> 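Quick one: this structure, given as structure tokens, is what I'll be asking you about.
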Amino acid sequence: MGTRKRKRKKSGCLLGFLLLLAFGGAGAFAYNSGILGTAVRELEGTVREVPFQEVRIEEESLGQKYYYGQLEEEEKKVYQEIRQGLMDYTSEIYVHTEDAAGANRIFQYVLNDHPEIFWCDGKMTATSYGGITPYTVLEPAYLYGEEEKEKRSAVIESAAGEYLSGISEDASDYEKILYVYESIISRVEYVQDAPDNQNIYSVFSGRQSVCAGYAKATQYLLERLGVFCTYVTGTAAGGQAHAWNLVSCGGDYYYVDTTWGDPVFQASEGGESKVSGHISYDYMCCNDEQLFMTHTPDDTVELPACTKMDANYYVVNGMYYETYDSAKILEQMNEVISAGENPAVIKFADEKLYQEAHEDILNHVVKRAAQNLAEWYGLTQVSYQYMDEESLHKITIYWEYS
């Protein structure tokens, strides 16, 4: 896939939400936007019914939503009410729980499961009431008016169709994940202060975003392609808040971090990529061991074990080594050179193997490959550059052909 010149942006990621909780006791004459709390009697002696959110969504449509699947049955009812309220643009969502903090947790689960609800970024107030029928009122802070929301939805729909126009529905899970990974990285610039950077509009309209936008757009597109994908939050190296994805590929779970496909996020701190625009694939379907070297998921939800590397890009393309064989690595470099391509990537399964191979590759194997390059292309002088990324157990060589 072609890439364009990318400016180096300050690394890091922006994530956040605001929660305001309030608690109202049964029997207190407290109004909330003109509606009395349950079991609060009006002066006439009547009791007003709680206007719980009417749910019209079919539960079957939530079967593949990861956060929904982590809830107990009563919590699922609250989830459905919140989701319906957000879809209906309801200013006050009445739900069947008196646990305001729990309602907020479920509120965040809804947003994690539904990147298409881009008009709400997680800011809201929650007021709980006890009594005969306990409940909580959620008041979401919407980013736009309903008319503007509809306009932006049309923009997203059109752009998503363009993004997906190059992939067949018959493609494998791996092919779909790789396609979305490369499509987003090659089209979107990482900009910390990009407008709407906590939602997918930033990706599909302005094509500038941060990790939240990248990860939600990855989720949105893969779900449209029928691939399981969910949104994961946590911290990256250095303790910076970050977001990425969990996917299912060929029946196994893997992690995908589209943001870190940008070489800015793979280079060492303060380092520069040797080749502008080069996509990195360390986090294109990786296991726990690879991810946890640099990422720490939040403990708000239990995540499945990701134990395999079979669908990792470097494994699939013969660039991943579990033993050191200099002849095989030279053969790989020669294949890249004979095709006139870049780069040659050698990634090792662990630190010990990387250290064993490191000096021999840079001092001997690369030089033999460079001699072949000179002979095959009739060059009197050969130039190449390399990136040596110890933390990723990886060496990347970029050849110059003229």
Side-chain angles (χ1 to χ4, degrees), residues 13 15-19 21 53 55-88 90 93 95-97 99-124 126 136 138 140-141 177 180 198-200 211-235 241-249 251-259 288 291 295-306:
C13 195
L15 282 172
F17 61 84
L18 174 66
L19 165 65
L21 301 178
Q53 182 69 43
V55 176
R56 299 184 303 279
I57 182 174
E58 294 184 3
E59 187 173 2
E60 290 76 12
S61 65
L62 298 172
Q64 293 298 311
K65 299 298 184 181
Y66 187 79
Y67 289 85
Y68 180 76
Q70 307 308 302
L71 298 174
E72 301 294 337
E73 286 305 313
E74 287 303 312
E75 294 177 315
K76 287 182 177 181
K77 183 175 184 179
V78 175
Y79 178 109
Q80 293 174 29
E81 291 171 332
I82 293 173
R83 182 194 181 280
Q84 189 71 62
L86 291 174
M87 294 300 294
D88 292 345
T90 306
I93 306 172
V95 299
H96 285 83
T97 181
D99 179 2
N104 172 69
R105 175 176 59 88
I106 297 171
F107 184 91
Q108 300 305 323
Y109 281 14
V110 172
L111 295 180
N112 287 352
D113 275 341
H114 295 278
E116 71 275 14
I117 303 179
F118 65 90
W119 51 89
C120 182
D121 63 359
K123 298 181 179 68
M124 64 98 172
T136 294
L138 305 180
I177 295 167
V180 169
Q198 296 296 296
N199 66 63
I200 61 175
C211 61
Y214 277 66
K216 289 179 180 179
T218 300
Q219 178 186 12
Y220 180 73
L221 292 175
L222 286 178
E223 285 186 336
R224 288 184 56 146
L225 288 173
V227 176
F228 168 83
C229 179
T230 197
Y231 182 74
V232 180
T233 60
T235 56
H242 192 50
W244 59 95
N245 299 103
L246 173 75
V247 303
S248 178
C249 183
D252 295 306
Y253 286 114
Y254 298 89
Y255 285 112
V256 169
D257 189 340
T258 313
T259 312
D288 290 337
L291 185 87
H295 297 52
T296 303
D298 291 333
D299 59 4
T300 54
V301 67
E302 184 176 353
L303 295 168
C306 299

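Side chains included, hydrogens not; waters and symmetry mates left out as well; all remaining heavy atoms used. The structure displayed is predicted, hence computed values, not measured ones.
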> So Y253 and F228, would you call those rings parallel, tilted or perpendicular, with 30° and 60° as cut-offs?
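Taking F228 first and then Y253, their aromatic rings stand perpendicular (interplane angle over 60°).
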
> Rounded to the nearest 0.5 Å, what separation is found between the CD atom of Q64 and the CG atom of D113?
11.0 Å

> Quick one: does N112's side chain have a donor or acceptor within less than 3.5 Å of a partner on Y231's backbone?
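Between the backbone of Y231 and the side chain of N112 there is no qualifying donor-acceptor contact (under 3.5 Å).
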
> Can you see which heavy atom on C229 is nearest to which on V247, and at what distance?
SG-CG1, 3.8 Å

> Any sub-3.5 Å donor-acceptor pair from T230's side-chain atoms to L246's backbone N or O?
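Flag not set: sc T230 to bb L246 has no pair under 3.5 Å.
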
> For the OG1 atom of T97 and the CD atom of E75, what is their distance to the nearest 0.5 Å?
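It comes to 8.0 Å.
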
> Identify the two heavy atoms, one from C249 and one from I177, that lie closest to each other, and give their separation to 0.1 Å.
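Scanning both residues completely, I find the closest heavy atoms to be CB-CD1, 3.8 Å.
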
> Looking only at heavy atoms, what is the nearest atom pair of C306 and Y255, with distance?
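Taking C306 first and Y255 second, the nearest heavy atoms are SG-CE1, 3.6 Å.
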
> Are K77 and E74 ion-paired here, with the side-chain N under 4.0 Å from a carboxylate O?
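Here K77 does not pair with E74 in a salt bridge, since their nearest N and O are not under 4.0 Å apart.
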
> Going by atom types alone, do R224 and Y220 pair a side-chain donor with an acceptor below 3.5 Å?
yes

> Could you state the interatomic distance from CG (L71) to CD (Q80), rounded to the nearest 0.5 Å?
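Atom-to-atom, L71:CG and Q80:CD are 10.0 Å apart.
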
> Could you check T90, I82, L86 and say which one makes a side chain to side chain contact (heavy atoms under 4.5 Å, CB included) with Q53?
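Filter result, single survivor: T90.
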
> Do you know which two heavy atoms are closest between P297 and L303, and how far apart they sit?
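Of all heavy-atom pairs spanning P297 and L303, the closest is CB-CD1, 3.7 Å.
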
> Evaluate the side-chain proximity of V78 to R105: yes if any heavy-atom separation is below 4.5 Å, no if none is.
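A side-chain contact is absent here, since even the closest heavy-atom pair is not under 4.5 Å.
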
> Would R83 count as a cation-pi partner of Y79, with NZ or CZ less than 6.0 Å from the six-membered ring centre and within 45° of the ring normal?
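Pair R83/Y79 does not count as cation-pi.
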
> Work out which heavy atom in T259 is nearest to a heavy atom in A243; give both atom names and the distance.
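Minimum heavy-atom separation between T259 and A243: OG1-O, 4.5 Å.
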
> Enter the distance from N104:CG to T136:OG1 here, rounded to the nearest 0.5 Å.
10.5 Å

> Looking at C120 and A141, what are the two nearest heavy atoms and their distance?
SG-O, 4.1 Å

> Are any side-chain N or O atoms of E81 and backbone N or O atoms of H96, one a donor and one an acceptor, separated by less than 3.5 Å?
yes

> Would you say that L62 contacts H114 through its side chain, given a criterion of any heavy-atom pair below 4.5 Å between the two side chains?
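With C-beta onward as the side chain, the pair touches.
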
> When you check the gap from the basic side-chain N to the acidic O, do E223 and K65 get nearer than 4.0 Å?
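Salt bridge between E223 and K65, a charged N being under 4.0 Å from a carboxylate O: yes.
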
> May I ask you to test the M124-I93 pair for a side-chain heavy-atom distance under 4.5 Å?
no

> Report the distance from atom CZ of F118 to atom NZ of K216, rounding to the nearest 0.5 Å.
12.0 Å

> Got a second to check how far N245's CG is from Y66's OH, nearest 0.5 Å?
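Taking CG in N245 and OH in Y66, the distance rounds to 13.5 Å.
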
> Would a 4.5 Å heavy-atom cut-off, applied to side chains only, mark V95 and F107 as touching?
no

> Side chains of W119 and N199, heavy atoms from C-beta outward: is any pair under 4.5 Å?
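Not in contact.
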
> For T300 and Q108: C-alpha separation, side-chain torsions, deciding distance, then whether side-chain contact (heavy atoms from CB on, under 4.5 Å) applies.
CA-CA 10 Å; T300 54; Q108 300 305 323; over 6 Å; no

